[in-house]
Structure formats: structure tokens, C-alpha cells
Amino acid sequence: MQSHTLEFSQPAHLVAKSLIGRRFLVSGCGGIIVETEAYAPDDPASHSFRGPTARNKAMFGNPGTAYVYRSYGIHWCLNFVCTCGSAVLIRAMEPHWGLDVMRERRDVSDDRSLCSGPGKLTQALGVDGGFDRWALDQYPFELGATRIDDLNILSGRRVGITRAVDIPWRFGLGGSPFLSRPFN
DNA sequence: CCGTCGATGTACT
DNA sequence: GTACATCGACGGC
């Protein structure tokens with residue numbers, strides 16, 4: 001069995017779970033998404049919680065577009081916009097396509113650290129702020145229309161936040177060695 | 001193995 | 001000035 005094409009106009013936590021196990025490429029580089037987090041408009045941990053700003057404008061744009069923001073002044077983080085003010089942070093992937101290019105961008109010896117975190121993943125994929133608001137169904141993005149069902153999908157607390165810490169909107173592929181960190 | 005810390009753009013007090 | 005959806009270098013065990 002396989003699921004249908006991903007519909008972004010639904011609650012972000014459903015999209016986040018549906019993205020696990022799905023193929024995602026940027027200009028031919030990428031792999032299988034193994035970890036995501038959902039953020040919602042009424043969610044104190046979400047960038048959109050206090051309304052639009054120059055940075056988070058993309059979160060209020062069209063479903064199925066990218067929201068790329070700078071994290072801690074250094075890294076880039078990639079989100080998929082869902083309903084208005086909600087998005088899914090792509091936290092980790094199992095790298096599979098364009099490995100040589102991604103290894104060159106990341107300069108690490110262990111493939112497990114190529115995409116095992118939101119900042120690592122954007123560096124490996126070559127994603128930066130210039131991709132903000134771009135449509136995810138057009139090149140250079142390629143998102144798998146189907147995926148294997150019956151995956152062992154774990155959920156838990158989101159990483160690196162201080163508000164709404166008990167909302168279990170982090171999702172991951174059980175047993176994957178490519179997670180940013182284990183689930184509890 | 002583990003914890004601490006610096007880097008530093010954007011948003012908020 | 002302080003916080004932050006992070007990462008990697010470094011030091012101690």
C-alpha cells in the first residue's frame with residue numbers, strides 16, 4: 001500500500017507525519033525524510049505565533065511552498081508551509097542521491113552526519129534564504145508523491161524550544177540511524 | 001563518552 | 001540587551 005499525493009492544506013502535524021519516509025530532492029541531491037516537526041499558528045513555539053514579520057512572511061503564504069529562515073545567525077532551516085501560519089520543519093534525512101555533492105558541501109567523513117539535523121540538512125542540500133517562498137512542486141525541489149505505508153513512526157517533544165514543550169509534534173522513522181537525536 | 005561554549009541574524013523587551 | 005526551531009570545537013572523564 002502507498003499513500004496519496006501529499007496535501008499541504010491540512011494541519012501541520014498530519015503533514016509532518018505524512019512526510020516521514022518520503023523522497024525529497026533539491027537539484028538532484030537528497031534522500032528520504034526521517035525526521036520532522038510541526039508548528040501551528042496558535043502554538044507559542046511557532047515563529048508565526050505573534051503574527052507576520054519580515055522573516056516569517058512565508059509561513060503566511062501558499063501551502064506547499066518553502067519557509068527558509070536563519071537559525072542562531074548561522075544556519076538555515078527549511079520548512080514546508082501548510083495551512084496559513086503553520087509549517088513543518090524538515091529536521092533530518094537519510095541521504096541517498098547526490099552523495100558526492102553533499103559530502104563536498106558538508107566536509108564530513110561519516111554519511112550519518114550529512115543530514116542529521118535541520119542546519120546540516122540545508123547545508124548538504126545547498127538550501128539558503130534565496131529559496132524562501134519557492135513552490136515545492138517545481139524544480140529544483142522534488143517531493144515524492146507516494147511512500148511506503150506501515151512505517152514505524154515515532155513522535156515526541158520538539159527539539160530546542162522552551163514554550164509548549166509538551167506538544168508531541170516531533171516525528172521520526174523508528175530505528176533510523178539518521179535522526180538528529182534519539183526519541184525518548 | 002559527556003557537558004560547555006562561541007558564532008551571530010532576526011525578533012522582541 | 002536577551003532569546004533563539006543549531007552546530008561543531010574543545011576539554012574532562
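Keep in mind that the numbers below use all heavy atoms, side chains included, and drop hydrogens, waters and symmetry copies. A quick note: this is a predicted structure, and the numbers were derived from the prediction, not measured. Lettering follows sequence order; numbering is per chain, from 1.
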Length of the line joining [X]:[atom1] and [N]:[atom2], which is rounded to integer Å:
{"X": "Arg163(A)", "N": "dA11(B)", "atom1": "CZ", "atom2": "P", "answer": "14 Å"}
{"X": "Asn56(A)", "N": "dC12(B)", "atom1": "CG", "atom2": "C1'", "answer": "13 Å"}
{"X": "Ile167(A)", "N": "dA5(C)", "atom1": "CD1", "atom2": "C1'", "answer": "13 Å"}
{"X": "Tyr69(A)", "N": "dG9(B)", "atom1": "OH", "atom2": "P", "answer": "16 Å"}
{"X": "His75(A)", "N": "dA7(B)", "atom1": "NE2", "atom2": "C1'", "answer": "8 Å"}
{"X": "Trp76(A)", "N": "dC4(C)", "atom1": "CH2", "atom2": "C1'", "answer": "15 Å"}
{"X": "Glu37(A)", "N": "dC4(C)", "atom1": "CD", "atom2": "P", "answer": "15 Å"}
{"X": "Met59(A)", "N": "dA11(B)", "atom1": "CE", "atom2": "C1'", "answer": "15 Å"}

Atom CG of Asp107(A) with >12 non-hydrogen neighbours under 6.0 angstrom: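 Result for CG/Asp107(A): open.
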Heavy atoms, side chains only, cut-off 4.5 Å: are [X] and [Y] in contact?
{"X": "Phe8(A)", "Y": "Val15(A)", "result": "yes"}
{"X": "His75(A)", "Y": "Thr122(A)", "result": "no"}
{"X": "Cys115(A)", "Y": "Phe178(A)", "result": "no"}

So what does [X] touch, heavy atoms closer than 4.0 Å: a base, only the sugar-phosphate, or nothing?
{"X": "Ala45(A)", "answer": "base"}
{"X": "Arg158(A)", "answer": "nothing"}
{"X": "Ile74(A)", "answer": "base"}

Looking at [X], does any N or O in its side chain come under 4.0 Å of the phosphate oxygens OP1/OP2 on [N]?
{"X": "His47(A)", "N": "dA5(C)", "value": "yes"}
{"X": "Arg181(A)", "N": "dT6(C)", "value": "no"}
{"X": "Thr162(A)", "N": "dC4(C)", "value": "yes"}
{"X": "Thr53(A)", "N": "dA11(B)", "value": "yes"}

Check: Arg106(A)/Gln123(A) side-chain N/O donor and acceptor closer than 3.5 Å: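 Checked: Arg106(A)/Gln123(A) side chains pair up, N/O donor to acceptor below 3.5 Å.
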dG9(B) base stacked by Tyr72(A) (centroids within less than 5.5 Å, tilt under 30°):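 According to the criterion (under 5.5 Å, under 30°), no, Tyr72(A) does not stack.
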Salt bridge (Lys or Arg N to Asp or Glu O under 4.0 Å) partner of Glu37(A), the single match among Lys17(A), Arg158(A), Arg91(A):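 For Glu37(A), the salt bridge (Lys or Arg N to Asp or Glu O under 4.0 Å) check succeeds only for Arg91(A).
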Strand contacts (DNA chain B) in residues 84-123 of chain A, 4.0 angstrom heavy-atom criterion: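 The stretch gives none, as no residue of it lies under 4.0 Å from the strand.
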Counterpart base for dT8(B), defined by Watson-Crick or G-U wobble contacts under 3.5 Å: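 Base partner found: none.
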Complement of dA5(C), any strand, by Watson-Crick or G-U distances under 3.5 angstrom: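 Here dA5(C) is not engaged in any pair, so there is no nucleotide opposite it.
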Interatomic distance at C1', dT10(B) relative to dG8(C), whole Å: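 So the two C1' atoms sit 22 Å from each other.
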With sequence neighbours excluded, residues passing ring pair (Phe, Tyr, Trp, His ring centres under 6.0 Å) with Trp76(A):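 Listed in chain order: nothing, the list is empty.
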is_close_aromatic(Phe80(A), Phe24(A)), centroid dist under 6.0 Å: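 Yes, ring centres under 6.0 Å apart.
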